[in-house]
Amino acid sequence: MQKSVLLAAERIKRLEVQGARNVAITAIKAIEEEAKESKAKQKGEFLRELSEAKDILFASRETEPFMRNAIRYVMHAVEKSDEKKVKELVDLISSVSKQFLENLKRSKEEIANIGSKRIHSSSKILTHCHSSTVSHMLKRAKREGKSFEVICTESRPVFQGRITAKEMLDAGIKTTLIVDSAVRFVMNEVDLVVVGADAITSEGNVINKIGTSVVALAASEARTPFYVISELLKFDPLTIYGDYEKIEERSFREIWEEPPQGLMIRNPAFDVTRRDFIHGIICEEGIISPHSIIEVVRRRYPWIFQ
Ligand code: RUB
């Protein structure tokens with residue numbers, strides 16, 4: 001195993017790279033580097049190396065179907081190719097990755113185009129954690145000349161909400177930070193809730209940063225629209241066949257470095273928001289109902305089901 005994949009997996013595990021999209025991009029680039037550094041002489045050996053790299057990256061964060069879909073896409077291109085020469089296969093990986101990353105850029109813009117239409121001047125938008133997709137959409141709305149406010153939650157225990165808050169301020173957006181448990185307190189002033197996604201299941205439920213489902217409950221009780229802003233590639237095809245999306249549980253030290261002896265601490269990184277609380281998923285195909293997820297993914301990315 002070369003260094004690039006181990007390093008990338010370590011950075012992903014430590015949250016140096018965070019957010020499903022950035023994780024997928026880092027993983028794909030690591031696979032490309034790994035392929036370039038490979039000393040394999042034959043296709044079989046090359047594929048074995050790639051498969052080992054894939055397993056290491058998959059294990060770096062459990063709740064990341066976007067990364068898994070991205071890696072599978074690249075691996076599939078190599079597996080189905082008739083090419084036997086390793087050098088040609090390396091070039092194939094580079095061109096497939098490049099094309100994949102370009103498509104990602106395009107879908108991010110498509111999502112921002114659609115989502116920013118739902119951001120109106122003088123509205124208050126609440127978001128949870130840090131989603132690069134949500135952030136991009138809000139910045140787009142600001143560039144379009146809309147003046148709105150954003151409320152960010154801290155997103156304990158590792159405070160990704162501060163990343164969002166800084167990005168919003170840098171974009172010139174009026175921003176307020178609250179502790180996670182103040183969500184219900186402010187909800188009556190909020191016009192719209194927008195959150196990202198790490199995974200979308202076949203039933204249209206959405207998995208995102210821990211606390212998202214509580215934000216959704218508060219939004220529902222206050223009758224505030226709740227939207228998920230997400231690429232369709234966060235859909236996990238395995239959920240169709242009965243698999244549950246695994247929820248990553250992280251070290252207790254993120255919550256309390258040196259807790260008293262005997263204390264049990266749990267630190268789940270994500271939770272599940274039921275589709276009934278989601279007004280719509282704003283994705284590259286438009287604003288869709290969570291119920292139609294399989295159909296829409298099948299239309300746009302049929303290879304996911306292979
Ligand atoms: C980040 C998080 C984000 C989604 C979507 O959690 O829950 O909302 O990953 O992000 P963590 P993006 O910080 O634990 O990775 O829109 O950038 O894909």
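Note that ligands are numbered from 1 as they come in the structure, with each ligand's atoms numbered from 1 the same way. Everything quoted here is computed from the prediction, not taken from an experiment.
- Of the candidates G19, A197, A199, A24, the one placing a heavy atom closest to atom 5 (C) of ligand 1 is A197.
- Against a heavy-atom cut-off of under 4.0 Å, Q160 is close to the following atoms of ligand 1: 11 (P), 13 (O), 14 (O).
- Note on K41 versus E45: no salt bridge recorded, every NZ/NE/NH1/NH2 to OD/OE distance being 4.0 Å or above.
- Taking any N or O of A20, backbone or side chain, at least one lies under 3.5 Å from an N or O belonging to ligand 1.
- Distances below 4.0 Å separate heavy atoms of N208 from the following atoms of ligand 1: 2 (C), 3 (C), 4 (C), 7 (O), 8 (O).
- A donor atom on one side chain and an acceptor atom on the other are not found under 3.5 Å apart for H291 and E203.
- Interface of T133 with ligand 1, defined as ligand atoms under 4.0 Å from a residue heavy atom, comprises 12 (P), 16 (O), 17 (O), 18 (O).
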Would you mind writing out the side-chain donor-acceptor pairs for residues 74-84 within the sub-3.5 Å range, not counting sequence neighbours?
unit_1: H76; atom_1: NE2; unit_2: Q306; atom_2: OE1; d: 3.0
unit_1: S81; atom_1: OG; unit_2: E83; atom_2: N; d: 3.0
unit_1: E83; atom_1: OE2; unit_2: K85; atom_2: N; d: 3.2

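- With sequence neighbours excluded, the residues satisfying ring-ring contact (aromatic ring centres under 6.0 Å, His included) with F100 are Y73.
- Distances below 4.0 Å separate heavy atoms of R61 from the following atoms of ligand 1: 11 (P), 14 (O), 15 (O).
- For ligand 1, the atoms closer than 4.0 angstrom to any heavy atom of K234 are 5 (C), 12 (P), 16 (O), 18 (O).
- Close approach to S132 involves these atoms of ligand 1, each under 4.0 Å from a residue heavy atom: 12 (P), 16 (O), 17 (O).
- Here is the list of ligand 1 atoms found below 4.0 Å of a heavy atom in Q18: 1 (C), 11 (P), 13 (O), 15 (O).
- Ranking protein heavy atoms by distance to atom 14 (O) of ligand 1, first place goes to K209 NZ, 2.7 Å.
- For T201 and E245, the side-chain atoms include no donor-acceptor pair closer than 3.5 Å.
- Ion pair E284/K105 not flagged as a salt bridge, since none of the NZ, NE, NH1 or NH2 atoms sits closer than 4.0 Å to an Asp/Glu carboxylate oxygen.
- Within 6.0 Å of CZ in R118 there are 12 or fewer heavy atoms belonging to other residues, nucleotides or ligands.
- Listed by number with element, the atoms of ligand 1 under 4.0 angstrom from any heavy atom of C129 are 1 (C), 2 (C), 6 (O), 7 (O).
- Looking only at protein heavy atoms, the nearest one to atom 4 (C) of ligand 1 is D198 OD2, 3.2 Å.
- R68 CZ to T63 OG1: the interatomic distance, rounded to the nearest 0.5 Å, is 7.5 Å.
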